[in-house]
Amino acid sequence: MWVSQAKGLISEMGLVIERADQKGVQLRMPFNPDFCVDEAKTILHGGILTALLDSTFGLANFLAVDDIQTMATLDLRVDYLRPASSRADVVVFAECYRKTRHIAFGSGKVWFDNGDCEEVARGSATFAITRGKGSLFDTMKKAGPSA
């Protein structure tokens, strides 16, 4: 069931996967004034940035670590480097830079696609993972779009 919910969220938010491989994942989210916290509709809510980073970390882990059955965020740190003020698309990149049998470590960054590519936020995360035959990712692929 959560697969269809995730697909719904991706389409509702307009997320586009620009890159997805074992070296990292890059997502783009078009500007959405509903995610802004000011009257001028230019400052993006920090919770949106955090959720985007966490989700991008998860996808990066699925692609970098073999046979993940379950995954949970143990620690997520986001440093907000400057106000998230722009009407440009948001771009998020995350990578799994180290993996052990039960832990995956990630780093990521967020910026606006407005020409300067100056980082708005930088994040790091640690995930608990369990591995085994019949990974969760394989199950999702087999379930298809109706899951």
Side-chain angles (χ1 to χ4, degrees), residues 1-37 42-132 134-143 145 147:
M1 176 167 165
W2 70 271
V3 174
S4 62
Q5 291 173 338
K7 288 178 182 177
L9 180 62
I10 287 171
S11 64
E12 184 175 315
M13 293 179 73
L15 297 179
V16 175
I17 299 173
E18 295 186 328
R19 171 185 170 189
D21 56 39
Q22 290 183 334
K23 294 183 180 184
V25 173
Q26 184 167 307
L27 298 179
R28 173 180 299 270
M29 184 184 77
F31 172 76
N32 185 337
D34 293 338
F35 298 148
C36 294
V37 295
T42 59
I43 300 176
L44 194 63
H45 191 284
I48 296 295
L49 300 178
T50 301
L52 283 170
L53 268 168
D54 192 38
S55 298
T56 309
F57 282 132
L59 183 53
N61 290 339
F62 274 122
L63 296 173
V65 181
D66 293 331
D67 298 325
I68 291 180
Q69 285 191 321
T70 64
M71 176 173 37
T73 307
L74 291 175
D75 182 52
L76 175 63
R77 177 186 169 92
V78 180
D79 294 320
Y80 299 98
L81 306 173
R82 64 184 177 105
S85 181
S86 179
R87 288 183 169 263
D89 292 355
V90 177
V91 182
V92 182
F93 175 80
E95 65 179 336
C96 175
Y97 66 86
R98 174 148 167 67
K99 55 194 174 199
T100 68
R101 178 81 183 133
H102 300 287
I103 305 290
F105 301 89
S107 88
K109 57 186 177 178
V110 180
W111 67 94
F112 287 106
D113 189 13
N114 58 6
D116 69 8
C117 295
E118 187 177 348
E119 289 181 32
V120 173
R122 183 171 282 261
S124 61
T126 307
F127 293 84
I129 55 175
T130 57
R131 300 185 195 198
S135 73
L136 182 58
F137 193 58
D138 290 337
T139 303
M140 289 169 41
K141 287 193 296 189
K142 288 178 189 173

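Since the model is a prediction, treat every value here as computed from it, not as a measurement. When reading the values below, keep in mind they use all heavy atoms of this one structure, side chains included, and skip hydrogens, waters and symmetry mates.
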- [ ] Begin with the C-alpha distance, continue with both residues' side-chain angles, and end with the deciding distance and a verdict on side chain to side chain contact (heavy atoms under 4.5 Å, CB included) for Val92 and Met29.
- [x] CA-CA 8 Å; Val92 182; Met29 184 184 77; over 6 Å; no

Task: Ser86/Phe31 under side chain to side chain contact (heavy atoms under 4.5 Å, CB included): CA gap, chis, key distance, verdict - done: CA-CA 8 Å; Ser86 179; Phe31 172 76; over 6 Å; no

Open item on the list: I'd like to know whether Thr50 forms a side chain to side chain contact (heavy atoms under 4.5 Å, CB included) with Tyr80, so could you lay out the CA-CA distance, the side-chain angles of the two residues, the decisive distance to 0.1 Å, and finally the verdict.
Closed with: CA-CA 10 Å; Thr50 301; Tyr80 299 98; 2.5 Å; yes

- [ ] Decide side chain to side chain contact (heavy atoms under 4.5 Å, CB included) for Leu74 and Ile103; before the verdict, give the C-alpha distance in whole Å, the side-chain angles of both, and the deciding distance to 0.1 Å.
- [x] CA-CA 9 Å; Leu74 291 175; Ile103 305 290; 3.7 Å; yes

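Shown here for Ala121 and Val78, the closest heavy-atom pair between the two residues is CB-CG1, 4.0 Å. Shown here for Arg131 and Asp66, the closest heavy-atom pair between the two residues is CD-O, 3.5 Å.
To the nearest 0.5 Å, atoms SG (Cys36) and CG (Leu44) are separated by 5.5 Å. Residue Gln22 holds its CD atom at 7.5 Å from CG of Leu63, rounded to the nearest 0.5 Å.
You'll find the side chain of Phe93 reaches within 4.5 Å of the side chain of Gln26, heavy atoms only. Residues Leu15 and Leu52 have side chains in contact (heavy-atom distance under 4.5 Å, counting atoms from C-beta outward).
Tested against Arg28, the residues Ile17, Val90, Asp113 include a single side chain to side chain contact (heavy atoms under 4.5 Å, CB included) partner, Asp113.
Of the possible polar contacts, none joining the Thr42 side chain to the Ser85 backbone as a donor-acceptor pair under 3.5 Å is found. With Arg82 contributing its side chain and Glu119 its backbone, the two residues share a donor-acceptor pair below 3.5 Å. Put simply, the side chain of Asp21 gets close to the backbone of Gly24: a donor and an acceptor are under 3.5 Å apart.
Other residues, nucleotides and ligands place more than 12 heavy atoms under 6.0 Å from the CD atom of Glu18.
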